[in-house]
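Worksheet: the structure to be examined is printed underneath.
Only a predicted model underlies this, so the values are computations on that prediction, with no experimental measurement involved.
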Amino acid sequence: MQLPVELQTDAQRAFERIQDTYSDLSHWSSEQLGQLKYVVTMSSFVEETLLKDDGLFAVFPEMLTHTERAEQYRSLLASKLQACSTEMDGHRTLRQFRNREMSYIAWRDFVGSWRLEQSLHHLSMLAEAMIFETYKWQYELCCKEWGTPCNSQGQAQPMLVIGMGKLGGGELNFSSDIDLIFTYPENGDTQGARRSIANAQFFTRLGQRIIKALDQQTFDGFCYRVDMRLRPFGESGPLVMSYAALEDYYQEQGRDWERYAMVKARVMGSEMYPQYQELRQMLRPFVFRRYIDFSAIQSLRRMKSMISSEVRRRGLGNNIKLGPGGIREVEFIAQVFQLIRGGREPSLRGRGLLETLDAIETLNLLGAEEVKQLRSAYCFLRRQENLLQAMADKQTQTLPEKLCEQRKLACAMRFESWSQMVEATEQHMLNVHQVFSNLIGEDEGEEEANPIAKYFHELWDMAHSPEVVESVLQQDLNVQNAADKRSIICQFKEDLAKKTLGPRGREVINRLMPKVFNAIYAHKDAEFGLARVLHVLHKIVTRTTYLELLEEHPAALVQLVRLCTASPMISEQLGRYPILLDELLDPAHLYNPVPLESYKTELRDYLARIPEEDMEQQMEALRQFKQTCILRIAAADIAGVLPVMKVSDHLTSLAEAIVDAGINQAWQQMVEKFGEPTHLKDRGSKGFAVIGYGKVGGWELGYNSDLDIVFMHDCPVHTYTDGKKEIDGRQFYLRLAQRIIHIFSTRTASGILYEVDTRLRPSGISGLLVSPADAFDEYQHNDAWTWEHQALVRARMIYGDASLQQAFDTTRHNVLCSERDQSELKQQVCEMREKMRQHLGGKKQQRFMLKQDAGGITDIEFLAQYLVLRYSHDKPKLTRWSDNVRIFESMWQQGVIKQEQAMSLTHAYTAMRDEIHHRNLLNLDADVAEDKLRGEREAVKEAWSHWLA
């Protein structure tokens, strides 16, 4: 193996470290010693493994004489695990075995003594052997502890471990995660132990042990990062499901990306193939449609768009997997044909990519030259990916930036220079992207001819000359206030000169700006749009990928202008968080917010792209998801697609989904550190709840609303956690709540999630942050003030177990139904209203304050609360709802107030809320001209006078 001169010094140092550690190299042949010097130069992973494992160094020369080891993996590992007497021994054995065999694979990759397919086969078979032998080892131990899981006929039940992605396709890369799904044939109970447990519980514990054995970082390292998020319902779903539950999920709730994932699914362990056939037959209609399914193209196009967005968001330049023409695009091309025609063509149902390309060529679905280019590019990029990862056993697909690593990779790829290798890489990726674009398309609009386009070019080209710009605006484009607009344009170009753009950036901005002016002045409210759109561009101008996005997608530019013109709030958001620009690509998508019932599943899918252990990125993703959804809600609001009630419904459902995900993140961190409180054993729940008050409690969130919440648990006293670091159960819930607040209120690059206010908890800021359910009940009955009962009218559980839901609902209902002294209640409600008006009702001259002035929203809310507290003891159905609109509806249905008054209060309430929503979009305070909404205000004052005078 010939090393370039620049690497000779590194090679000498690496080889000397080997010689210093092992004085006797006599069992290595001269050819092997030459290869040793080359490989340890290329791979710090192989070098470190050999230096740490003297047993490997002794047997490695003999291992290298075998050109095929994959068939022995399972028998070799099984015998080693059989000899392990403790779990620690087993973990050490697994890690040592993995590192030894990975060193062998890396060696053959670097010296080039086998084909790519052999390398991928060995990596996949090694992972399968380790997964399945770990399963067998742990299954036996679990059966000794809890009995053997059986069905109703007493037949022993196995657990099937399904490998997804490249593992399932037999094409695993060197440092890949392994994506798994656990399932079992039938429900039942264990037999043969003192205490029987349900099969679901047995297999959950078994699955947890398998993950721990493979994933846990020990002194000896780890085997694989295990990712379980492809399972039904993701990380919030059960770890293991029965066949029947799995089938129900995929037939009723399976989404497009789950179809693609299931194409490559393969059960681990050849003896499980007969068991798997039944499940595979059950799932086939979900994966492969009987008819030719062209809808797959649009779905894949959208997935590709999401990946491009991810590349931009995370700055993944030079990424040979996710970039244009990368490995993922080859996979998408193969999947298009599998999903469109796989139901009719059995040859397209193979799991491996190369076999699918062969089938595509045989069926003449692509030309022979195109298939040849795809195959060649795929093999080149996969080999490059493996070598890149084998250098230090790191999961990366980004070409290195360090000169030393560039030299090593170019040398390993058999190129004389880095530039030659990059040129070859770019050519392969260009070939792939050409096929991808022809097949799947990029959904780009076409620029229409424009007779006044020359003036927009002139505006930009002459922006250094104010008098010319003003002349064009005034005489050629008939723009009002031309002097003001001239100064905005000239100032923008002047500011741009101070930015570091680079030649590519300047080229793009020069092509983009005439299109920007065209889009702005095509809008009827261009006078508002110019400054706001240029504000966004000023914020993103150094990020060339976003300029290119707008330049290449005219429809996205039109949406940008439309939204910025309508709302400065949106233009500020887009300038602050440019990732939101990706949402502008698909207007049909942009103006259709997530369906109300889908926020949780959409967020789960969004988070599934982020490694679980990367807390920083998980927190960032929560914020980006929220911003994306709010942009879509606001866009639909501006377009008049959503009425005010629906806007609040969407904002509230979004908040609930984020609360759910935030709690899951906090819970995982807490359990990893302390274990779970023992009272949860076998419950499959968290024993934790969040009560939403105020706007979130009443489904009435606005764009800028805080979250008023109270935490609750059902942990008995003298309960502890079951982790290595044991703490008191109630202390666990206190820390959990603090962690949740941290996740919500920490300011990251994407801002904060929500301002969280917990002051409505029992005893306020001096009370416990998390209330036991019984203590909450006692406080509300015995110690709470009337204003706290008013708050309880607008409270509901937004997250929690069924038992806590029942406890809270019972407390709320009983408290609200308590009989009260009428005159005392009226006096206390009026006094509290007056206090609020004095404290919050800062008056502006000639303006009506929508919330706090007499006849405003707060008066309506107090009326609703007063009437519920006044009449619920006699009419308990009044406690059902926590939102004002349905409270007033209940009032007239129950005969408390007349229908006419209920409707006038509801109309006043929705009209004022609508006004506040739209003023939020315009970044304006919640006040209007004194003469506006006069009829609505008088109706509220009249009702107040009638009930509370």
Residue list, side chain to side chain donor-acceptor pair (under 3.5 Å) with E235, at least two apart or on another chain: none
Atom of A655, atom of L701 and distance for their closest heavy-atom approach: CB-CD1, 3.5 Å
Side chain to side chain, D883 and R794, heavy atoms closer than 4.5 Å: no
Distance in Å, T858 OG1 paired with M849 CE, rounded so as to fall on 0.5 Å steps: 11.0 Å
4.5 Å side-chain heavy-atom contact, T746 and L753: no
Donor-acceptor contact below 3.5 Å, side chain D801 vs main chain S803: no
T910 versus R913, side-chain donor and acceptor atoms under 3.5 Å: no
Contact summary for S236 and R604, nearest pair of heavy atoms: OG-CD, 3.9 Å
Distance (rounded to the nearest 0.5 Å) between K515 NZ and I520 CD1: 14.5 Å
Side-chain (H523) to main-chain (D525) donor-acceptor, under 3.5 angstrom: yes
For F744, ring pair (Phe, Tyr, Trp, His ring centres under 6.0 Å) partners two or more places apart: none
Candidate pair R886 and E889, rule side chain to side chain contact (heavy atoms under 4.5 Å, CB included), full reasoning: CA-CA 5 Å; R886 284 184 291 197; E889 188 180 335; 4.2 Å; yes
Test side chain to side chain contact (heavy atoms under 4.5 Å, CB included) applied to K673 - qualifying residues, sequence neighbours left out: K725
F625: ring pair (Phe, Tyr, Trp, His ring centres under 6.0 Å) partners, not counting sequence neighbours: Y606
Sequence neighbours excluded, every pair satisfying ring pair (Phe, Tyr, Trp, His ring centres under 6.0 Å) that has a member inside residues 626-653: Y599-H650
Closest non-hydrogen atom pair, A566 against L922: O-CD2, 3.3 Å
Stepwise side chain to side chain contact (heavy atoms under 4.5 Å, CB included) test for F492 and H535: CA-CA 9 Å; F492 175 75; H535 164 79; over 6 Å; no
Between D614 and Q618: side-chain donor-acceptor atoms closer than 3.5 Å: no
Straight-line distance of M619 CE to Q624 CD, nearest 0.5 Å: 12.5 Å
Main-chain N/O of G237 paired to R231 side chain as donor or acceptor, under 3.5 Å: yes
Polar side chain donor-acceptor pair, S648 to H917, under 3.5 angstrom: yes
Side-chain donor-acceptor contact under 3.5 Å, Y799 with D660: no
Note, S745 side chain near E755 side chain (heavy atom, < 4.5 Å): no
R576 and Q573, any side-chain heavy atoms less than 4.5 Å apart: yes
Side chain to side chain contact (heavy atoms under 4.5 Å, CB included) between V594 and L654, intermediate numbers included: CA-CA 9 Å; V594 174; L654 168 62; over 6 Å; no
Salt-bridge contact R328-E331 (side-chain N to carboxylate O under 4.0 Å): yes
E936 and Y909 side chains, donor-acceptor separation under 3.5 Å: no
E616 side chain reached by T748 side chain, heavy atoms, under 4.5 Å: no
Considering all heavy atoms, the nearest L584-Q559 contact: O-CG, 3.8 Å
Face-on cation placement of R739 at F688 ring, 6.0 Å and 45° thresholds: no
Side chain to side chain donor-acceptor pair (under 3.5 Å) against R759, all qualifying residues, sequence neighbours excluded: D757
Listed partners of S882 passing side chain to side chain contact (heavy atoms under 4.5 Å, CB included), at least two apart: W699, R796, R812
Ring pair (Phe, Tyr, Trp, His ring centres under 6.0 Å) partners of Y521, counting only residues at least two apart: none
Residues forming a ring pair (Phe, Tyr, Trp, His ring centres under 6.0 Å) with F517, sequence neighbours excluded: none
Pairs touching residues 626-645 that satisfy side chain to side chain donor-acceptor pair (under 3.5 Å), sequence neighbours left out: H589-R632, D637-Y703, D637-H918
side-chain hydrogen bond (donor to acceptor under 3.5 Å, both in side chains) between R761 and T758, intermediate numbers included: CA-CA 6 Å; R761 65 186 187 266; T758 61; 2.8 Å; yes
Over all atoms of both residues, closest heavy-atom pair of L769 and Q738: CD2-CG, 3.8 Å
Derivation and outcome, side chain to side chain contact (heavy atoms under 4.5 Å, CB included), residues W667 and L736: CA-CA 7 Å; W667 184 265; L736 174 67; 3.7 Å; yes
Under 3.5 Å side-chain donor-acceptor pair for E620 and S750: yes
Step-by-step salt bridge (Lys or Arg N to Asp or Glu O under 4.0 Å) determination, K600 to E656: CA-CA 8 Å; K600 286 183 183 176; E656 288 180 22; 5.2 Å; no
Worked check of side-chain hydrogen bond (donor to acceptor under 3.5 Å, both in side chains) between Q805 and D809: CA-CA 6 Å; Q805 175 83 61; D809 287 348; 3.2 Å; yes
Sub-4.5 Å side-chain heavy-atom contact between V710 and V690: no
Interatomic distance, L651 atom CG to S705 atom OG [nearest 0.5 angstrom]: 7.5 Å
Which residues share a side chain to side chain donor-acceptor pair (under 3.5 Å) with R532, sequence neighbours left out: none
Partners passing side chain to side chain donor-acceptor pair (under 3.5 Å) against D649 (at least two apart in sequence or in another chain): none
Check: F711 ring centroid to Y733 ring centroid under 6.0 Å: no
Contact check, side chains of D927 and L850, non-hydrogen atoms, under 4.5 Å: no
Beyond-backbone contact of I860 with T906, side-chain heavy atoms, under 4.5 angstrom: no
Under 3.5 Å: donor-acceptor pair, side chain of R919, backbone of D925: yes
Any donor-acceptor N/O pair, S567 side chain to I570 backbone, under 3.5 Å: yes
Straight-line distance of L607 CG to Q665 CD, nearest 0.5 Å: 6.0 Å
Interatomic distance, K646 atom NZ to S653 atom OG [nearest 0.5 angstrom]: 9.0 Å
